[in-house]
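Some notes on the structure that comes next.
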Amino acid sequence: MKNITLTALAAAALLQTAMAAGTCGTQSCGKDTPCCVKGYCNSNAMYCMPINCEAANSYSPSSCWDTAHCVNANVNFASANSFAQIADYNGDPSTAAFVSQFEPSNAKQANGELELTLVKQGDGKGFGATVINTRAIQYGTVSTVMRSGSSAGGVVSSFIIRNDAIGDEIDFEFVGADKATVQSNYYWHDQLDYTKMIKSPVLSDTTTNYHTYAIQWTPDKIDWLVDNKSFRTVSRAETWDSSSNTFKFPDAEAYVSYSIWDGGSGAKGTSDWAGGAIPWGSAPFVMSVKSLTIDCYYKGNETTYTPPASAGKDDEDSESEESSEDDEEESSSSKSSTSKSNTSKTKTSTSADDGADEESDVGEDDGQDDGNQVPVPTGNIVAGTAFEIESSSSGARSLAVSVGGIVSALVATYLF
């Protein structure tokens, strides 16, 4: 009996070790390359930033870097600490307010500003750029001074706030088909309703003139402003959907980002919206950003984030329930909040593989957040024991009993 029990205890220890690492594609990430993104393991920012990192599939759930939360900021893109290439970013947001999302990178600091360029690839499609804030924000005002790079049909520029894992987004988008306006829209849980798009009043050419674009986002409403004048307001109340008993209002912690991408090579709906195929003879296409001001709704500090009890929830809900839900949401979603700022916003469907697609699937979790789950490998862990774990359609990521419970039961058996 003693030998059997010790064997079972050893099996439990093996199970506990197996639970420490999830499966990243066809491999398991190790200590030296602990962070998983779409089947690959590495230790750099592209893999370990919470924007992309898959906590449940990494070496351990804590392998992904912690989410840095909002602090008030005035970002001057002429300054050294305003931007870094993602390969050079070490996870400290004080060293870079924004990082590039792609390698090779078409984003750089030049002429006292941040420049994002769309270039033509060998296949005739454009390869763009996305830069993303290294801090997440949940409500507040973001205001930027910039000019669009969409100087010809097919070129799309954007300034957005987005949570890539949940699918909430608030945006400004510029299309080459119309250089005299900017488009505003918002999405909830990736429910893409383009009929809600509203254009700004006529502006001076958005590709040759700098304008100030601002989003004021509170738990109750969203305002879009150009040059300090509001042209659109959406209240939380008007997003009520009686069929689902839900306010379809963006409220998840998210990231600010800028991007330029090729909409003209997308599906017909996307291409028509963007202004058709890009006339590459009109290049270069450069989006230029001078500055960004961030005024956080919740006044945190470098490491903490503590919204008030009624933060951003429905007035009809109880405040005690709201507080609990908010804390749980922050804990579970902070590591999977990611900006989907650079991958093709497919008006019908577009390729996510050509680098120009500004709303790619990097870091996408289909709305599911695995940040706090303990991954368990598929298949039988220890054959012939009473606690074999069979693979399932969900990837066998849940256990009927805990390792601690197993060990306790085995110890009790041994003592008996």
Side-chain angles (χ1 to χ4, degrees), residues 50-52 67 70 98 101 128 130-133 135-144 146 156-175 182-200 213-219 221-225 232-236 238-239 241 246-261 263 266 269-270 273-274 292 294 297 312 329 333-334 336-350 352 357-369:
I51 301 162
N52 296 330
T67 297
C70 189
F98 280 79
Q101 277 290 88
T130 286
V131 300
I132 190 166
N133 196 201
R135 292 185 178 277
I137 182 173
Q138 185 179 28
Y139 308 125
T141 298
V142 294
S143 177
T144 190
M146 57 163 283
V156 182
S157 306
S158 65
F159 166 52
I160 73 175
I161 305 172
R162 181 174 172 88
N163 177 308
D164 201 25
I166 303 298
D168 285 2
E169 176 176 322
I170 306 166
D171 66 40
F172 279 109
E173 290 190 303
F174 306 80
V175 294
V182 62
Q183 300 180 6
S184 67
N185 213 336
Y186 70 96
Y187 307 110
W188 179 84
H189 289 203
D190 268 339
Q191 295 183 13
L192 305 183
D193 182 355
Y194 304 113
T195 65
K196 299 198 304 290
M197 185 274 288
I198 292 180
K199 293 183 179 181
S200 70
Y213 303 93
I215 296 170
Q216 294 179 343
W217 178 32
T218 73
K221 66 177 183 176
I222 306 166
D223 280 301
W224 288 259
L225 303 88
R232 181 183 189 183
T233 300
V234 172
S235 69
R236 181 183 181 87
E238 67 187 87
T239 68
D241 178 45
T246 302
F247 287 100
K248 294 188 173 181
F249 182 84
D251 57 10
E253 190 177 28
Y255 290 88
V256 178
S257 69
Y258 300 93
S259 62
I260 186 168
W261 53 282
T270 302
W273 165 74
L292 173 75
I294 299 175
Y297 185 84
E329 179 177 341
S333 69
S334 63
S336 62
S337 304
T338 124
S339 170
K340 209 178 202 175
S341 49
N342 184 49
T343 45
S344 148
K345 185 166 298 226
T346 312
K347 299 302 169 187
T348 50
S349 64
T350 67
D357 297 36
E358 298 312 287
E359 294 199 18
S360 78
D361 294 331
V362 174
E364 185 173 2
D365 261 333
D366 298 326
Q368 299 300 316
D369 178 21

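What you see is a predicted model, and the numbers here were worked out from it, not measured in a lab.
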**Asked** Rounded to the nearest 0.5 Å, how far does OH of Y186 lie from CD1 of I170?
**Response** 10.0 Å
**Request:** Check I161 against W217 and note the closest heavy-atom contact, atom names and distance.
**Result:** CG2-CZ3, 3.9 Å
**Asked** Quick one: CD on Q101 to CD1 on I132, what's the gap to the nearest 0.5 Å?
**Response** 5.0 Å
**Message:** For I215, run the side-chain contact (heavy atoms from CB on, under 4.5 Å) check against D223, V142, T141 and tell me which one passes.
**Reply:** V142
**Asked** How many angstroms lie between CG in N185 and OH in Y194, if you round to the nearest 0.5 Å?
**Response** 8.5 Å
**Asked** Under the ring-ring contact (aromatic ring centres under 6.0 Å, His included) test, which residues partner F174, sequence neighbours left out?
**Response** Y213
**Prompt:** Within the distance-only criterion (no hydrogens, no angle test), does the side chain of W224 pair as donor or acceptor with the backbone N or O of V234 below 3.5 angstrom?
**Reply:** no
**Prompt:** Side-chain contact, heavy-atom cut-off 4.5 Å: R236 with D251?
**Reply:** yes
**Donor on one side chain, acceptor on other, W273 and E173, under 3.5 Å** = no
**Item:** NZ/NE/NH1/NH2 to OD/OE distance under 4.0 Å, D168 and K248
**Value:** no
**Prompt:** Which is it for H189 and I166 under the side-chain contact (heavy atoms from CB on, under 4.5 Å) test, yes or no, and what are the steps along the way?
**Reply:** CA-CA 5 Å; H189 289 203; I166 303 298; 3.3 Å; yes
**Prompt:** Between R232 (side chain) and S184 (backbone), is there a donor-acceptor pair under 3.5 Å?
**Reply:** yes
**Prompt:** What residues, two or more places apart in sequence or in another chain, satisfy side chain to side chain donor-acceptor pair (under 3.5 Å) together with K196?
**Reply:** none
**Request:** Search all heavy atoms of T233 against all heavy atoms of E238 and return the closest pair with its distance.
**Result:** O-OE1, 4.1 Å
**Prompt:** Side chains of I160 and V256: closer than 4.5 Å at any heavy-atom pair?
**Reply:** no
**Message:** Is it the case that the side chain of S235 and the backbone of K221 share a donor-acceptor pair, with hydrogens and angles ignored and the cut-off at 3.5 Å?
**Reply:** no
**Asked** How many angstroms lie between CG in N163 and OH in Y255, if you round to the nearest 0.5 Å?
**Response** 8.5 Å
**Item:** Over all atoms of both residues, closest heavy-atom pair of F172 and L225
**Value:** CZ-O, 3.5 Å
**Request:** May I have the step-by-step check of side-chain contact (heavy atoms from CB on, under 4.5 Å) for V175 and Q183, ending in yes or no?
**Result:** CA-CA 8 Å; V175 294; Q183 300 180 6; 3.7 Å; yes
**Fill in**
Sorted by chain and number, sequence neighbours left out, ring-ring contact (aromatic ring centres under 6.0 Å, His included) with F159 holds for Y258
**Asked** Does Q191 reach the main-chain N or O of W188 with its side chain, forming a donor-acceptor pair under 3.5 Å?
**Response** no
**Request:** Calculate, to the nearest 0.5 Å, the distance between atoms CG and CZ belonging to D171 and R162 respectively.
**Result:** 9.5 Å
**Request:** Report the distance from atom CZ of F98 to atom CG of N133, rounding to the nearest 0.5 Å.
**Result:** 4.0 Å
**Prompt:** Between S143 and L292, is any pair of side-chain heavy atoms under 4.5 Å apart?
**Reply:** no
